[in-house]
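Position 1 is the first residue of the sequence, and the numbers go up from there.
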Amino acid sequence: MVGTVEKNHGSVNSNGSLHNSIGAEEKLDELRRLLGKTDGDLLKIVGVGAGAWGSVFAALLQDAYGHFRDKVQIRIWRRPGRSVDRSTAEHLFEVINSREDVLRRLIRRCAYLKYVEARLGDRTLYADEILRDGFCLNMIDTPFCPLKVVTNLQEAVWDADIVVNGLPSTETREVFEEISRYWKERITVPIIISLAKGIEAALDPVPPGVPIENILYLGGPNIASEIYNKEYANARICGSEKWSKPLAKFLRQPYFIVWDNSDLVTHEVMGGLKNVYAIGAGMVAALTNESATSKSVYFAHCTSEMIFITHLLTEQPEKLAGPLLADTYVTLLKGRNAWYGQMLAKGELSPDMGDSIKGKGMIQGVSAIGAFYELLSQPSLSVLHPEDNTPVAPAELCPILKTLYRILIRRECPSQAILQALQDETMNDPRERIELAQSHAFYRPSLLGQP
């Protein structure tokens with residue numbers, strides 16, 4: 001944050017970067033050397049997509065490295081033209097005036113008056129405009145440092161060294177197909193760090209012309225606003241050792257510990273599955289008045305389904321433990337997908353309202369439910385039922401996933417059906433589903449388009 005800030009933000013300069021970032025320049029220089037950068041040749045990092053996590057990720061980099069202007073350029077792309085409605089502008093004005101550091105910063109940048117005019121209804125603000133001042137439309141209550149915003153995609157990515165994909169998984173393919181056209185004449189190959197969580201990203205993870213070793217996935221047990229407020233968190237960056245190790249070192253901060261890991265597919269798949277089951281967790285919490293017993297029963301069944309599915313999609317999946325389990329836990333506990341499930345169960349939202357919610361952005365778990373269920377229901381795919389040894393689609397052995405599909409995709413039953421699925425007397429012990437997955441040659445490489 002710029003100006004006088006709260007104690008837990010530390011001392012910062014006018015660019016939003018930390019004075020006390022010990023070793024930051026050394027880490028930056030090391031990455032520049034690995035990428036073959038010479039003096040005067042900027043390391044160009046661009047975020048693509050400006051949701052809550054994409055914006056915070058760019059802000060973290062800006063805070064840590066933005067003041068080395070002769071060595072690195074950090075920018076973020078978002079689509080232009082998205083207007084900020086009157087009620088959001090009013091709330092944003094309240095946030096600004098509640099934070100002395102933010103208020104002083106805007107006054108110093110001669111940017112405060114437009115927020116007054118928007119509060120009075122005399123002016124329309126735009127999402128890319130407020131992003132430049134350090135506000136994300138999906139996370140108004142958490143101001144961050146000002147960002148360099150680009151609204152032209154070609155300008156943003158054509159010569160970028162590192163591209164951070166902060167798009168929803170449902171939009172990743174379309175945008176990166178466009179990006180690929182701009183990279184046809186490139187001599188150097190960029191690195192892509194994906195923050196996207198979902199089966200769509202796992203199905204088509206590699207843009208044309210970019211080798212798989214240059215594709216990495218970053219995820220972990222974290223909430224974007226809490227990370228920017230410097231609550232201790234950790235994450236994993238997954239992919240080839242060539243880039244995962246140096247990037248883990250580059251991204252690591254005292255309050256944001258990043259480890260490297262080679263299992264890209266498991267983490268990508270788990271990143272999508274946690275959003276699926278978080279919606280159900282929200283439903284169960286709301287329908288049982290936050291019953292700890294009901295939530296624990298749900299947790300046991302949903303994690304067994306997650307393990308079952310990863311064994312189909314990954315030859316030797318990492319166990320659901322440590323950071324993977326923690327990531328699942330925090331998403332089920334708190335996050336937009338769990339919140340969405342609660343609102344559905346309370347009747348404050350309905351599936352007919354779509355999966356893009358004002359103030360929350362894209363609820364990625366909805367599309368992931370459809371993608372996973374349909375992937376696991378292919379006519380050519382079957383596994384043996386544990387009781388009668390008859391071939392069935394894998395989706396039939398995932399009752400929670402199947403119920404969520406019926407609620408949100410087919411829309412043929414209410415949210416209460418999730419409890420009926422949990423309370424089904426014929427439901428097997430979750431342990432049996434895990435043992436089934438681990439004791440058979442379950443891996444189906446063709447599901448993710450692998451030979």
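Remark: Lys249 NZ is loosely packed, at most 12 non-hydrogen atoms of other residues, nucleotides or ligands lying under 6.0 Å away. Other residues, nucleotides and ligands contribute only 12 or fewer heavy atoms inside 6.0 Å of the CD atom of Glu174. Open room surrounds CD on Glu241; 12 or fewer heavy atoms of other groups in view lie less than 6.0 Å from it. The neighbour count for Arg252 CZ, taken as heavy atoms of other residues, nucleotides or ligands under 6.0 Å away, is above 12. In Phe299, the CZ atom is crowded: over 12 heavy atoms of neighbouring residues, nucleotides or ligands sit closer than 6.0 Å. Around CZ of Arg410, the count of heavy atoms belonging to other residues, nucleotides or ligands within 6.0 Å does not exceed 12.
For the pair Phe256 and Asn234, the minimum side-chain heavy-atom distance is 4.5 Å or more.
Taking the charged nitrogens against the carboxylate oxygens, Arg236 and Asp260 have no contact shorter than 4.0 Å, which rules out a salt bridge. We find that Glu177 and Arg173 are not joined by a salt bridge, their nearest charged nitrogen and carboxylate oxygen being 4.0 Å or further apart. Ion pairing between Asp128 and Arg79 fails under the 4.0 Å rule for side-chain N and carboxylate O.
When only modelled atom types and interatomic distance are considered, Glu305 and Tyr277 share a side-chain donor-acceptor pair under 3.5 Å. Side chain to side chain, Lys346 and Ser415 fail the donor-acceptor criterion of an N or O pair below 3.5 Å. Judged purely by distance below 3.5 Å, without hydrogens or angles, the side chains of Asp141 and His91 pair a donor atom with an acceptor atom. Between Thr172 and Asn165, the side chains place a donor N or O and an acceptor N or O closer than 3.5 Å (distance only, hydrogens not considered). Residues Asp352 and Ser350 bring no donor and acceptor atom of their side chains to less than 3.5 Å of each other.
Screening Leu35, Leu34, Asp161 for a side-chain contact (heavy atoms from CB on, under 4.5 Å) with Ile191, the sole residue that qualifies is Leu35.
Arg433 contributes no side-chain N or O that, together with a main-chain N or O of Ser304, makes up a donor-acceptor pair within less than 3.5 Å.
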task = Please assess Ser294 against Ser291 for the test side-chain hydrogen bond (donor to acceptor under 3.5 Å, both in side chains), listing each intermediate value before the final yes or no.
result = CA-CA 5 Å; Ser294 295; Ser291 162; 3.3 Å; yes
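Classification of the Phe135-Tyr115 ring pair by plane angle, with boundaries at 30° and 60°, yields perpendicular. Between Tyr373 and Tyr405, the two ring planes are parallel [angle under 30°; tilted spans 30° to 60°].
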